[in-house]
Amino acid sequence: MSDLHLSGEEVQRIYANFDAPIVPLDCGLKCAPYNQGGKPFCCDICVAVPTLYRSEWAYVRANTDLWFEWKAESCGATPQEAAEEVAQLQEETPESMILAQCLGPDDCQREFRGLTCRQFPFFPYIDSQGELLGLSYYWEYEDKCWVISNMHLVTVAYIQQFLKAFEIIFAHIPGEVENYQYHSEVMRDEFNQKRRAIPLLHRNGFAYKISTHNERMRRVPVESLPKHGPYKLAARMPFPDEI
Ligand code: SF4
Ligand code: SF4
């Protein structure tokens with residue numbers, strides 16, 4: 001599926017209107033101490049490889065030196081390991097996207113960070129009827145991303161901008177609706193196996209837990225959404241804010 005209809009001006013507009021802080025503090029300072037490399041997890045190419053829509057790629061390549069093509073060797077892989085990793089990730093990456101690499105957090109140019117940077121750790125959750133309900137998260141990062149353990153701090157402005165950005169993207173790249181609907185279904189299957197409910201920041205402004213059996217939603221206080229990994233331990237300490 002191509003996204004050639006997203007012009008440079010449209011990419012620029014989406015970037016400009018999807019710029020609200022995810023939480024009212026620098027969450028990179030919260031997670032980086034738990035990453036061996038000392039970088040925020042989502043800016044560490046050895047943890048997560050960003051993808052850019054092809055039209056984003058055209059826009060950033062024309063306007064900044066921040067982005068270049070991903071090189072698997074950057075994380076110390078041998079040529080054979082790198083070739084295998086490239087082949088695997090390319091197979092998993094939708095045709096509308098490019099695997100990319102940036103200069104790193106010390107040299108980030110925030111106005112040119114990609115949509116994957118802006119949306120992380122969230123993805124648009126779509127139910128089995130095809131309705132975009134709100135934001136859930138990439139669960140494989142539960143033990144890494146501090147935001148996932150602090151969803152009560154996610155700003156209203158961020159949620160609104162996230163949803164508007166994806167409404168525009170879905171209008172231009174219809175295949176993305178199917179991709180995220182499928183991703184939501186995979187989450188339901190995996191959480192069902194673990195007998196877990198799916199946490200959701202609903203577009204109506206409230207938090208819910210979704211049953212994986214029947215997709216029924218139960219409204220919950222956002223503060224009650226679970227914490228994970230080191231952040232769960234830190235929250236039990238006497239002075240959690242100092243961790
Ligand atoms: S979004 Fe998550 S992983 Fe990225 S900097 Fe914030 S806490 Fe760290
Ligand atoms: S562009 Fe900036 S926000 Fe995105 S991964 Fe690179 S350093 Fe992180």
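One-based numbering along the sequence shown. Order of listing sets the numbers, starting from 1, for every ligand and every atom in it.
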Residues which pass side-chain contact (heavy atoms from CB on, under 4.5 Å) with Asn17, listed by chain and number, not counting sequence neighbours: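 Counting only residues at least two positions away or on another chain, Asn17 forms a side-chain contact (heavy atoms from CB on, under 4.5 Å) with Arg13.
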Which residues pass the side-chain contact (heavy atoms from CB on, under 4.5 Å) test with Val156, not counting sequence neighbours?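 Here the qualifying residues are Gln160.
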Compute the ring centroids of Phe41 and Tyr141, then answer whether they are less than 6.0 Å apart.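 Distance test on ring centres: not under 6.0 Å, no.
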Report yes if the distance between the aromatic ring centroids of Tyr158 and Phe18 is under 6.0 Å, otherwise no.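 Tyr158 vs Phe18: aromatic centres under 6.0 Å.
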Would [X] count as a contact of ligand 2 if the rule is a heavy atom under 4.0 Å away?
{"X": "Gly104", "value": "yes"}
{"X": "Gly114", "value": "no"}
{"X": "Phe112", "value": "no"}

Identify the closest protein heavy atom to atom 6 (Fe) of ligand 2: which residue and atom is it, and at what distance?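 It is Cys102 SG, 2.3 Å.
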Give me the nearest non-hydrogen protein atom to atom 4 (Fe) of ligand 2 as residue plus atom name, then the distance to 0.1 Å.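 For this ligand atom, the closest protein heavy atom is Cys117 SG, 2.3 Å.
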Can you see whether Gln88 engages Glu92 through a side-chain donor-acceptor pair at a distance of less than 3.5 angstrom?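 Yes, because at least one side-chain N or O of Gln88 sits under 3.5 Å from a partner of the opposite role on Glu92.
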Cationic N near anionic O, under 4.0 Å, Lys227 to Glu142: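 No, no charged N to carboxylate O under 4.0 Å.
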Applying side chain to side chain contact (heavy atoms under 4.5 Å, CB included), run through Lys164 and Ile169 and close with a yes or a no. CA-CA 9 Å; Lys164 275 196 189 128; Ile169 291 162; over 6 Å; no
So, do Tyr125 and Leu132 sit near enough that their side-chain heavy atoms are less than 4.5 Å apart?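 Of all side-chain heavy-atom pairs linking Leu132 with Tyr125, none is under 4.5 Å.
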Side chains of Arg61 and Phe68, heavy atoms from C-beta outward: is any pair under 4.5 Å?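 Yes, their side chains come closer than 4.5 Å.
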Taking the hydrophobic residues Ile, Leu, Val, Met, Phe, Trp and Tyr, and joining any pair whose side-chain heavy atoms are under 4.5 Å apart, which ones share a cluster with Ile45?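 Via sub-4.5 Å side-chain contacts, Ile45 links to Val49, Trp70, Val86, Leu89, Leu99.
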Ligand-side contact atoms (ligand 2) for residue partner [X], heavy atom cut-off under 4.0 Å:
{"X": "Pro105", "result": "7 (S)"}
{"X": "Trp67", "result": "1 (S)"}
{"X": "Cys108", "result": "1 (S), 2 (Fe), 3 (S), 7 (S)"}

Using a cut-off of 2.8 Å, find all protein N, O or S atoms closer to atom 8 (Fe) of ligand 1 than that distance.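 For atom 8 (Fe) of ligand 1, the protein N, O and S atoms that sit under 2.8 Å away are Cys31 SG.
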